[in-house]
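In listed order, ligands and their atoms are each counted from 1. All values reported here derive from a predicted model rather than from experimental measurement. For the numbers below, each heavy atom of this structure counts, side chains included, while hydrogens, waters and symmetry mates do not.
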Amino acid sequence: MALLATLADFAEKAPSFSATVLIAGLTLCFVIFLRELLSKMRKTDLPALPAVPGLPIIGNLLQLKEKKPHKTFAKWAETYGPIYSIKTGAHTLIVLNSNEVAKEAMVTRFSSISSRNLSNALLILTANKNLVAMSDYNDFHKMVKRYILQSVLGANAQRRYRPHRDTMVENICRHLHDQVSSSPDEAINFRSVFEDELFGLALKQAVGNEVQSIYVEELGTVLSKKEMFKVLVTDFMAGAIEVDWRDFFPYMKWVPYKSFENNIHQITLRRKILMRALIQKRKQEITLGQVANCYLDRLLSESNGLTEDQIMVLLWEPIIETSDTTLVTSEWALYELAKDPKRQDRLYEDIKNVCGIEKMTEEQLPLLPYLGAIFHETLRKHSPVPIVPPRYVHEDTQLGGYFVPKGSQIAINIFGCNMDKNRWEDPGEWIPERFLDEKYDPTDLYKTMAFGAGKRVCAGSLQANLIACMVIGRMVQEFEWRLEEGEEEKVDTVGLTTHKLHPMQAILKPRRSSA
Ligand code: HEM
């Protein structure tokens with residue numbers, strides 16, 4: 001009111017027309033300012049978030065020493081509820097553990113929480129957020145998401161790559177048959193066979209062929225496919241969980257941490273050199289007129305505006321994404337089936353009823369709802385991406401009825417959502433039948449939060465579904481699976497995604513001849 005009176009007083013002394021305009025303008029500004037202030041005050045009237053008690057300066061960091069924060073977060077949710085805050089050094093991290101609050105953050109309040117907050121390691125490894133999955137939500141993101149969907153992950157592109165997937169599945173069957181026939185009583189490491197084939201598929205989609213080896217001029221040596229896998233996949237996965245303590249104390253950024261920096265820079269440099277060689281190889285093939293219809297061809301033809309470094313990381317993205325989470329899902333599903341003969345028999349009978357003596361095909365997937373249920377239950381219990389790459393709140397907002405201030409970081413704990421006792425009966429048990437309930441649409445890929453939600457939902461969910469379901473189904477159609485003794489207890493995970501720490505060892509008995 002005092003401000004309004006001062007304005008009136010000022011107007012009396014000013015020439016009448018311009019004074020009226022001025023008063024109107026200033027009054028409008030004041031009303032806007034007042035509205036903003038009131039809306040802020042209303043927000044802060046919301047209750048404060050429950051906070052997990054921690055220590056001064058370091059907050060809850062010591063409680064997160066074990067490299068499986070998703071499990072600690074889910075445990076805290078039992079005491080503090082589905083949404084609470086913790087302190088990670090200088091930062092406030094808001095942790096979401098139920099489908100309701102996670103969806104509110106990913107869909108309803110997305111516009112206030114749409115940018116990424118990456119660790120120092122991830123910033124370097126993603127060449128400053130140049131991946132579709134790690135970029136902020138902006139024009140660059142929309143453009144490169146369109147590229148990857150049109151060229152690799154969308155329905156049309158996946159139809160084009162169908163022969164590659166079929167070849168991959170049959171190669172896996174052939175390798176396993178060979179191993180079983182040469183040593184029938186020996187346990188088999190399914191992962192080592194699948195990993196190699198899946199990486200081959202990733203290379204075919206990205207650069208047009210499987211590349212069994214490549215001469216890398218900058219290294220002066222030939223790299224085998226196994227060595228390429230290490231440079232492009234394994235090293236990144238290890239680097240991504242490297243902790244730089246300066247992430248938690250930004251005011252200490254000036255302190256050098258040489259061992260961390262050297263390690264991450266080495267990983268990035270080796271990847272860059274190898275990707276450059278792969279790109280060079282494809283460019284030579286293009287000049288020779290070899291058609292491949294791969295992602296690189298598209299990136300090169302669309303490259304106006306994309307730098308060489310951007311093309312390199314964008315091309316690398318589907319290689320790492322194809323090679324990891326689908327493998328995690330398929331291995332856990334086969335582990336659960338090998339442990340559970342009754343459910344394995346049920347799946348086998350279903351496949352036999354639908355396919356007879358013929359090999360199962362992708363066209364038959366919609367006719368196999370139990371296989372679909374196995375896929376979704378595995379995604380739920382083993383949450384391949386347990387925590388969504390952190391988001392950043394760039395304007396004041398609210399979640400779950402609590403005020404969430406600008407500057408907070410958000411961790412969406414998918415594992416916590418999938419273990420929520422209020423949503424899932426016996427969440428710790430693997431019960432695929434729960435997804436046969438008629439409340440679920442069999443074609444819905446998003447029955448759990450495994451793929452995220454909203455505008456940043458996983459772009460690779462269709463590919464993941466096709467590959468994992470075909471691999472699980474064909475493996476059970478081809479072999480009877482039993483865990484080797486002592487395997488049942490080996491449920492520990494390692495890494496950024498929920499990789500089985502000990503690759504599954506299973507005894508396989510062929511159900512069909514290798515022909
Ligand atoms: C079972 C397998 C998979 C799971 C559980 C999974 C899960 C996820 C999750 C949780 C996100 C983050 C969503 C967010 O930030 O809100 C994501 C994003 C993404 N995923 Fe997947 N993913 C899988 C397979 C794949 C595959 C095979 C590819 C590609 C080859 C892929 C490509 C992507 C991309 C490009 C994004 C970024 C989407 C965007 O930011 O707009 N994913 N995925």
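Residue-level proximity to ligand 1 for Gln463 is carried by the side chain, the only part with a heavy atom below 4.0 angstrom. Residue contacts with ligand 1, taken as heavy atom pairs separated by less than 4.0 Å, involve Thr322 via backbone and side-chain atoms alike. Contact annotation for Leu131 and ligand 1: no heavy atom of the residue comes within less than 4.0 Å of the ligand. At a 4.0 Å heavy-atom cut-off, ligand 1 does not touch Val328 at all. Within the 4.0 Å heavy-atom criterion, the part of Ile414 lying near ligand 1 is the side chain and not the backbone.
Between Glu429 and Arg434, none of the side-chain N atoms (NZ, or NE/NH1/NH2) sits under 4.0 Å from a carboxylate O, so this pair counts as no salt bridge. Ionic pairing of Arg271 and Asp235 is not present here: no N-O contact between side-chain nitrogen and carboxylate oxygen is shorter than 4.0 angstrom. By the 4.0 Å N-to-carboxylate-O rule, Asp340 lies close enough to Arg343 to be salt-bridged with it. Between Lys68 and Asp492 there is a salt bridge, with a side-chain nitrogen of the basic residue lying less than 4.0 Å from a carboxylate oxygen of the acidic one.
Close approach to Thr326 involves these atoms of ligand 1, each under 4.0 Å from a residue heavy atom: 27 (C). Below 4.0 Å from some heavy atom of Ala464 lie the following atoms of ligand 1, by number and element: 1 (C), 2 (C). Short contacts between ligand 1 and Leu153, defined as distances under 4.0 Å to a heavy atom of the residue, involve ligand atoms 29 (C), 30 (C). For ligand 1, the atoms sitting less than 4.0 Å from at least one non-hydrogen atom of Val388 are 14 (C), 15 (O), 16 (O), numbered in the order shown with element in parentheses.
Put simply, no part of Gln205 is less than 4.0 Å from ligand 1, judged by heavy atoms. Contact analysis puts Arg116 in contact with ligand 1, with a non-hydrogen atom separation below 4.0 angstrom. No heavy atom of Asn465 sits closer than 4.0 Å to any atom of ligand 1. Heavy atoms of Ile467 come nearer than 4.0 angstrom to ligand 1 in no pair at all.
Where the criterion is an N or O separation shorter than 3.5 Å, residue side chain and backbone included, Lys145 meets it with respect to ligand 1. Residue-to-ligand polar distances place His141 within reach of ligand 1: an N/O pair is separated by less than 3.5 Å. Ligand 1 has no N or O atom lying under 3.5 Å from any N or O atom of Thr329, backbone or side chain. In terms of N/O distances under 3.5 Å, ligand 1 is not approached by Glu321.
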With side chain to side chain donor-acceptor pair (under 3.5 Å) as the test, would you mind laying out the steps for Asp247 and Asn120 before giving the verdict?
CA-CA 6 Å; Asp247 282 335; Asn120 198 9; 4.8 Å; no

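Which of Cys458, Ala102, Ser383, Gly454 comes nearest to atom 18 (C) of ligand 1 through a heavy atom is settled by distance: it is Cys458. If you check each of Ser323, Ala105, Ala450, Ala459 against atom 34 (C) of ligand 1, the one with the closest non-hydrogen atom is Ala459.
The single protein non-hydrogen atom nearest to atom 16 (O) of ligand 1 is Arg391 NH2, 2.4 Å, given as residue, atom name and distance.
Ring-plane geometry between Tyr137 and His141 is classed as tilted, the angle between the planes lying from 30 to 60 degrees on a 0 to 90 degree scale.
Taking each heavy atom of His376 and Lys447 in turn, the nearest pair found is NE2-NZ, 3.3 Å.
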